[in-house]
Structures are given as structure tokens and as C-alpha cells.
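I have placed the structure first, in the form of C-alpha cells, so that the comments after it can refer back to it.
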Amino acid sequence: MSAPVIIWFRRDLRLQDNLALEAALKSGAAVIPLFIFDPNILNSRRISSVRLKFMLSALESLDGSLRAYGRRLLVRHGEALPTLQNLIEQSGATALYFNTDYTPFAIQRDAAVSEALSIGVHTYHDRLMMPPGSVMTNDDTPYSVYSPFKRKWREKRDERLHIAQYTISAEKLHDLEGLQNDGLPDLHALGHSSTVDVPQTSAEYVSSLLDRWVDERIYGYKDGRDMLGDPHTAPLSATSFFSPYIRFGILSTRTIYWHCREAYENATDKAGRESVTKFVDEIIWHEFYTHVLWHHPHVVDHNFNEKYDAIQWRHAPDMLAAWQNGMTGYPIVDAAMRQLNATGWMHNRARMVVASFLTKDLLIDWREGELYFMRRLLDGDLANNNGGWQWAAGTGTDAQPYFRIFNPLSQSQKFDPTGAYIRAWIPELRDVADRFIHEPHNAATPPNNYPAPIVDHQLARQAALQMFEAAKKSEVN
DNA sequence: AACGACTTGTT
DNA sequence: ACAAGTCGT
């Protein structure tokens, strides 16, 4: 039996359309499928119990897919480099394959691994269709505005981008005999617990989710994407719910993209084509924010726009706690935060509403919100989450102008007109009459177990405007 | 270098 | 109507 090679799974927990796996299989050597639980990641401040639970489920599914071939996932615990060195020594592996991860910690880790290992290390751009550096302005500088980035992306996107083509069989996978396999831990063994029921992760389920989306549901995206609703009667709303799957690479954006091209061809009218285009725009946002973080790693804990560094955000732990717990007295904000706490997911429209509320109504630093989201979201992704928060705060690339402040009441009336979303997540408000559902404190007999608004929006709005203007002034001087 | 363009809004 | 520049070609 000849020497094996290793595929190191990280944020690409799937067997389909995986470029590193394709290359490893085509090497002709038996492939060891490896996952490493790294204490540096498990101990990071942005770790999330619910996301970890979801990832464990995804790893179970990956292992299940391998078991269908009579093989297993090899699991090890430890820091990446020594763990890899140990496995290479034990197995005699002659090459390592993995897909590039573009986040700051991973870049550093992977550079150290490539540098230290004496075997061949092969990396692939699998997570993005256009890797950082491949979509630049005519002056060869990174874009800081989305629209021109999108135009260039669409112009430059390589037509040869292909869905990886390969077949897997027992013979192509290493049997792992004689290799220590730590197996998948349960959540508690990792020091975490969560009562959230995480979404299904099997390859079959994810594939059916994609099929239902591109065959039918995508055509309602343009009109329905912003509407909040009752998740019990319309569990998926008009959004794809792909984000948790994209986060862990359970579903590849390249696969989604090519399915969208087909959906575009199959559209029967202009509105259908516009829906597909709008949806693909969102995938390009994913690429944009990943590029932004790659070019400007300081955005992790600094304003992208230094002009606003002088802002004196409010230190208000009680207000922050009220926001986190869905007890602000603004039903749309509280419904959204409770959806996040209960499910690990929040509708995108709602994310903007609660982010605007934290930064412009409570005047609390966007970093507090960014961190809380990372600790709760199934799809928590450093680049996208940071980009979204800085957009809402007005400090980011192509950010919302600071004076354009969301009004929680009008957002509520516009995107949850019947109050179905509010009632779904705030049981205290279930019996409130329709005309008071967006502002229950104005009802004749307000529910006594639901708080009155903790701030006055009009006053808070004025304070936010002053805070930003003061920061701009002090920056000039 | 002038000029068009600029995710998601509010009053 | 307003708001405020600034990005990219």
C-alpha cells in the first residue's frame, strides 16, 4: 500500500464540489480525511456554543457520508501544527491538501503550517469564487465601495470556474487502520451547552434545500426578502437560509452560483430574472466583505473609517443587557433578539434594525453588538458580521450615512405589517390589538409583563447625530 | 479631472 | 426634499 495524503477539513465540511478534496483524490494516493479541534479556536472570545453544536452536527454528517463508503473522518485534538506533524509521522503521509481560509487567525496559522512542514502543502481557492487581490480597482487598489466591486466581479469572474468533478470510493479513502482516532466529542466535553435545536446538516437535506430554492423559491426573493413573518407558519420566509451552511462550507457558494445561473435561464419573466440577480448580489456581498477583511485586518476591532475613532460610545451595561435579552420595549427589536437567542439565526432585515437600535438609539459601541452576534449566530462569520455591523454603525466600507437612522416604528410597520413576527417571538404581546402591536405601551391597558420603551427614539436620534458630529469636529482639529 | 454614482431611510 | 461627501472611472 502506497503512502497516503491528508485533506484537512476546516470551513469546507462537505464531500461535494470541494477543490482541495478533488486534488487530493486525483493525486492517486489514499486520502485521510482529517478534522482538528484546535484549542486556539475553542478558547477564542467569539466562540459560540450554538454554532459549535451546529458544527458538530455538520461533522457527524460528514463522517456519515464517509461511512457510506465504509470509511471514517479522522478527528484529532490539539494545536494545528503539532497535530499535523504527529499525524504525518504516524501515517507516512506525503502531502497535505486544504482550502484557503481568509481570516486573520487562519492566515497566520496556515502560513506557519506551510512553512514548518517538510511535505508538499497544496492550497485552493474554494471558499471564494474570486480570491482577494483578484478584484481590484483600475489603480490596483482594493475597493471600498460595493457597487463598483460588484461590477468588476461580474466582469472578471472566471468563466472556467467549474464544479469540481470526481468520484469517491472506498479505495480512494485511507482506511485509517492503526491511526489513533479521537472521534467526535459531544458539546459538553468541549465545555459548552445549548438548548437550541440546530438545523439539519445531512448532505441530502442541504441538497434538497438548494433544489427547492433554485427550482421555485428564489423567484420570490426580490419581493419577499425584506418581509418578516411568523416562522411557524412560514418557516423559511422568503430568504434562502443558506447562511449557516455557507459559514461551514456545508454548501459551496460556487455550487449555489452555478445553480443560480441555471435558475436565471429558467426564469419565465423579467421579475424572476431580477430575483435571481438580486440573490447573486448577496453572494457577491459575501465575497466583498471577505476581501475587505483580508485587505484591512484592523477592522476586526477598529473602525474602517478612522474619522469616527473619536466617538464616545456610551457605557451602559443595563441598556446592553436589555437589548441582548429582547427587553427594550421596542417590539420589533425584542422579537428579533429573541429569535436570535432562541434559534441562533435572525432575518437580515431584523439584523439591520437591531444594529441601528444598539448604535443609534442606545449609543452603544458596534463592537458590543458584533461580539454578541458572534456568540449567538449559527452563521457567525467574522468578515460578514463585522462588515454588516460597521455598515449599520456608519463606520464601515460603503457604510450607511450616519444621519440615516432607522426608525424602529416605521421599520416595524413596513416589514412586519401584521405583527406576525412580533407575536411569534414575544408571547407577552400575543393578545395586543393589531393597531397597538408596534407600540403596545400606547394601548389602553398595556401588557404588564412587557417593558415600556427604555429610550425615546426621537431624543436618542438627536443625541446620536450630535455624537457623530462632535466626533467629526474633533477629528478635523 | 470632471462627473456620475452611491443596498437596505426619514420627516 | 433632505443629507454629505467621496469613490472610481
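Letters A, B, ... are given to chains in the order of the sequence lines, protein chains preceding strands, and every chain is numbered from 1.
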List in numerical order all residues of residues 389-399 of chain A for which some heavy atom is under 4.0 Å away from an atom belonging to DNA chain B.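 Contacts with DNA chain B under 4.0 Å: A:W391, A:D398.
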Hey, do the aromatic rings of A:F406 and A:F357 have their centres closer than 6.0 Å?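 Centroid distance A:F406-A:F357: not below 6.0 Å, so no.
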Ring centroid separation A:W213 to A:Y245 under 6.0 Å: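 For A:W213 and A:Y245, the ring centres are not under 6.0 Å apart.
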Reckon [X] touches a base, only the sugar-phosphate, or nothing at all at heavy-atom distances under 4.0 Å?
X      : value
A:P401 : nothing
A:K414 : sugar-phosphate
A:S144 : sugar-phosphate
A:R461 : sugar-phosphate

Return the value, rounded to whole Å, for the distance between atom [atom1] of [X] and atom [atom2] of [N].
X      : N      : atom1 : atom2 : value
A:K150 : B:dT8  : NZ    : C1'   : 12 Å
A:N407 : B:dT11 : CG    : C1'   : 10 Å
A:Q411 : B:dT11 : CD    : C1'   : 14 Å
A:F304 : C:dT6  : CZ    : C1'   : 12 Å
A:L409 : B:dG9  : CG    : P     : 15 Å
A:E306 : C:dT6  : CD    : P     : 14 Å
A:K307 : C:dG5  : NZ    : C1'   : 7 Å

What is the minimum heavy-atom distance between A:W391 and A:D398, and which atoms define it?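 Looks like CD1-O, 3.2 Å.
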Do A:P131 and A:Y102 make a side-chain contact, defined as non-hydrogen atoms from C-beta onward lying under 4.5 Å apart?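 Answer yes - side chains close enough.
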Between A:E22 and A:R254, is there a side-chain N and carboxylate O pair less than 4.0 Å apart?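 No salt bridge links A:E22 with A:R254.
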Under a 4.0 Å N-O cut-off, is there an ion pair linking A:R349 with A:D226?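 Yes, charged N to carboxylate O under 4.0 Å.
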If you measure only the distance, is there a donor-acceptor pair under 3.5 Å linking the side chains of A:D139 and A:T141?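 There is no such pair (donor and acceptor under 3.5 Å, judged by atom type) between the side chains of A:D139 and A:T141.
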A:M352 side chain, from C-beta outward: closest of B:dT8, C:dA4, B:dC6: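 Out of B:dT8, C:dA4, B:dC6, the nucleotide with an atom closest to A:M352's side chain is B:dT8.
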